[in-house]
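We name chains A, B, ... by the order of the sequence lines, and we start the count at 1 in each one. In what follows, every heavy atom counts, from backbone to side chain, and hydrogens, waters and symmetry copies are set aside.
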Protein chains: 2
Amino acid sequence: MEDYQLCPKFENAFELLGKRWTGLIVHVLLSGPKRFKDISVLIPSMSDRMLSERFKELEAAEIIIRHVYPETPVRIEYELTPKGKGLKPVMDELQKWADSH
Amino acid sequence: MEDYQLCPKFENAFELLGKRWTGLIVHVLLSGPKRFKDISVLIPSMSDRMLSERFKELEAAEIIIRHVYPETPVRIEYELTPKGKGLKPVMDELQKWADSH
DNA sequence: TAATATACTAACATAAAGTAAGTTGTTAAA
DNA sequence: TTTAACAACTTACTTTATGTTAGTATATTA
């Protein structure tokens, strides 16, 4: 059974953003690349387990890239791809809505 | 432990829209009031159980209103409140993003 | 009288998320 | 030179959310 009535792309978008934490992670990454710990501090109610899982999904969806800097100790940063940065207008509108209601 | 770092309103928005089906329900209601059955046909992969639950949450959040028309048989319609309709720009931007990626 | 329709609800199974602790590899402090 | 600390995770287990199937109440139609 398929829901041919709605735009599949739109539904796919919600399959991602309709998962808990995904939106907030994208939101904080819009202010620049962040490390694992940075985000877990910015969103303390989210567990490491979830952050790790969401990172993998977002990477697979090509919304973020994982950078490994071979320093000592190694530094790992997560950054939005152009596709990920394309969500800024969505987030901006949501911010406006949240502020006005 | 609280996440004082982020805008609470923004987080609240995601608590709602970050739940499965919520976004799609709002999206289809943007084209006008609908009955229970209408939406379950438009989003067939969602179960009645979930639609019922999401309706209650959206009503509690004052994003939709439930209208009961005492006809025979009774007709029940769900409509976006002004607050709910305020989500249109968010949905429009998300649609654009979905189309272009 | 049986079948169909709407708008749900209930009971149970499975999947997703939460919680707490552990791992690896490195540095810094005692 | 053990001991502790930190980053970036992973694992095991519990709880919550969602999915599945069936059923309810009320009314209309065949």
Q) Within the structure, does a side-chain N or O atom of R35(B) lie under 4.0 Å from either OP1 or OP2 of dA7(C)? A) yes
Q) Quick one: E71(B) CD to dT26(D) P, roughly how many Å, whole number? A) 19 Å
Q. So, for Y78(B) and H67(B), is the gap between ring centers shorter than 6.0 Å?
A. no
Q) Between dA17(D) and W21(B), is there an OP1 or OP2 to side-chain N/O distance shorter than 4.0 Å? A) no
**Q.** W97(B) (side chain) donor-acceptor with P89(A) (main chain) under 3.5 angstrom
**A.** no
Q: Hey, which sits more toward the 5' end of DNA chain C by its nearest nucleotide, G18(A) or V74(B)?
A: V74(B)
Q | Whole angstrom value for the distance that separates P of dA16(C) from CD of E15(A) | A | 11 Å
Q) In residues 48-64 of chain B, which residues come under 4.0 Å of DNA chain D by heavy atom? A) R49(B), M50(B), R54(B)
Q. Below 4.0 angstrom from OP1 or OP2 of dG19(D), is there any side-chain N or O of R20(B)?
A. yes
Q: Starting from P on dC6(D), measure out to CG on D38(A) and report it in whole angstrom.
A: 15 Å
(Q) Rounded to the nearest 0.5 Å, what separates atom CG in L80(B) from atom CD1 in I64(B)? (A) 7.5 Å
Q) Hey, does the side chain of R75(B) come within less than 4.0 Å of dA7(C)'s phosphate (OP1/OP2), counting only N and O? A) no
Q) Separation of H67(A) atom NE2 from dA8(D) atom P, in whole Å? A) 14 Å
Q. Looking across every strand, which nucleic acid part, if any, lies under 4.0 Å from T72(A) by heavy atom: base, sugar-phosphate, or nothing?
A. sugar-phosphate
Q.
Nearest to the K37(B) side chain among dC9(D), dA7(C), dA17(C), which nucleotide is it?
A. dA7(C)
Q: Calculate, to the nearest 0.5 Å, the distance between atoms OG1 and CE belonging to T22(A) and M46(A) respectively.
A: 9.5 Å
Q) Pairs in or reaching into residues 57-68 of chain B: which pass salt bridge (charged side-chain N to carboxylate O under 4.0 Å, His left out), with residues at least two apart or in two chains? A) K19(B)-E57(B), R54(B)-E57(B)
Q) How many Å lie between CD1 on I25(A) and P on dA8(D), as a whole number? A) 15 Å
**Q.** Pairwise side-chain contact, F36(A) with L51(A), heavy-atom cut-off 4.5 Å (strictly under)
**A.** yes
Q. Which of the following nucleotides, dT28(D), dA17(C), dT18(D), is nearest to the side chain of K19(A)?
A. dA17(C)
Q.
Tell me the interatomic distance from Y78(A), atom OH, to dA7(D), atom P, rounded to whole angstroms.
A. 14 Å
Q) Do you know the tightest heavy-atom contact between A61(A) and K83(A)? A) O-NZ, 2.9 Å
Q) Just how far, in rounded Å, is P of dG25(C) from OH of Y69(A)? A) 23 Å
Q) dT6(C) C1' sits how many Å from K34(B) NZ, rounded? A) 17 Å
